[in-house]
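See below for the structure under consideration.
As the structure is a prediction and not an experimental result, all values here were calculated from the model. For reference, positions follow the sequence shown, starting with 1. Both backbone and side-chain heavy atoms feed into the values below; hydrogens, waters and symmetry mates do not.
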Amino acid sequence: MCDFWYEAQKKAKKTARDRGFEGWNDVAVWRDFKPIYILEDIWPHYFEHVTSERFTRHSQSDAGNRNRPIHGGVTTHTGGSVPFAAHAKQMIRLI
């Protein structure tokens, strides 16, 4: 579901940018460019959510967590292509 809203937001921003709007990345600008596949009564609720204090706080916290360097590199949410058992053994060696 998160990907669905991300794509809808990206499409709205692209439409605003393509039409030459200044500040197309600002919510106040691209909120008027609802993708056709989203219902009229749903779109305003999405903006209430995106502009809420709680969402903003979580978004900033999550961005900080994603960009925090650990062990010399930026953290990721995956172990890559390493099998889980091999990854577990490697983590035990680090302790």
Side-chain angles (χ1 to χ4, degrees):
M1 195 62 158
C2 190
D3 290 340
F4 171 80
W5 287 111
Y6 174 74
E7 289 299 321
Q9 180 176 329
K10 197 164 78 169
K11 188 174 193 80
K13 286 180 182 181
K14 182 181 181 325
T15 303
R17 185 184 66 226
D18 291 348
R19 293 190 184 176
F21 281 84
E22 292 288 323
W24 55 268
N25 203 29
D26 185 17
V27 174
V29 174
W30 58 264
R31 75 181 306 159
D32 297 330
F33 298 98
K34 178 189 77 60
I36 59 173
Y37 53 85
I38 297 179
L39 298 174
E40 291 289 335
D41 57 338
I42 303 277
W43 194 240
H45 293 289
Y46 173 67
F47 284 100
E48 286 178 25
H49 172 68
V50 170
T51 57
S52 71
E53 181 184 334
R54 181 176 182 226
F55 180 85
T56 304
R57 188 176 60 245
H58 281 227
S59 179
Q60 290 171 347
S61 174
D62 293 347
N65 290 338
R66 279 192 304 275
N67 296 323
R68 186 179 63 217
I70 293 179
H71 304 298
V74 176
T75 60
T76 60
H77 294 283
T78 64
S81 60
V82 179
F84 183 77
H87 186 67
K89 287 179 186 178
Q90 182 181 18
M91 294 303 292
I92 289 172
R93 276 188 266 141
L94 291 174
I95 295 176

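- If you chain together hydrophobic residues whose side chains sit under 4.5 Å apart, Tyr6 and Ile42 never meet in one group.
- In plain terms, the two heavy atoms of Pro35 and Ala8 that are nearest each other are CG-O, 3.6 Å.
- Evaluation of the side chain to side chain contact (heavy atoms under 4.5 Å, CB included) rule for Ala88 yields no partner, not counting sequence neighbours.
- Val50 and Val29 fall into different hydrophobic clusters, defined by Ile, Leu, Val, Met, Phe, Trp and Tyr side-chain heavy atoms under 4.5 Å apart, directly or through other members.
- Side-chain rings of Phe33 and Trp43 stay apart, their centers remaining 6.0 Å or farther from each other.
- For residues 19-35, the pairs satisfying salt bridge (charged side-chain N to carboxylate O under 4.0 Å, His left out) are Lys34-Glu40, with sequence neighbours left out.
- Lys89 pairs by the salt bridge (Lys or Arg N to Asp or Glu O under 4.0 Å) definition with nothing, not counting sequence neighbours.
- Proximity of a side-chain donor or acceptor of Thr15 to a complementary backbone N or O of Lys11 within less than 3.5 Å is detected.
- Closest approach of Gln9 and Trp30 over heavy atoms only: CG-CH2, 3.1 Å.
- Interatomic distance, NZ of Lys14 versus CD of Glu7, reported as 12.0 Å (0.5 Å rounding).
- Annotation for Arg54: atom CZ does not count as buried by contact number, only 12 or fewer foreign heavy atoms lying within 6.0 Å.
- Taking the side chain to side chain contact (heavy atoms under 4.5 Å, CB included) definition, one finds that Phe84 meets it with nothing, sequence neighbours left out.
- In this view, Trp5 and Tyr46 satisfy the ring pair (Phe, Tyr, Trp, His ring centres under 6.0 Å) rule, not counting sequence neighbours.
- His49 is linked by a ring pair (Phe, Tyr, Trp, His ring centres under 6.0 Å) to Phe55, counting only residues two or more places apart in sequence or in another chain.
- In this structure, the separation between CG on Leu39 and NE2 on His45 is 10.5 Å, given to the nearest 0.5 Å.
- Interatomic distance, Phe21 CZ to Lys13 NZ, rounded to the nearest 0.5 Å: 16.0 Å.
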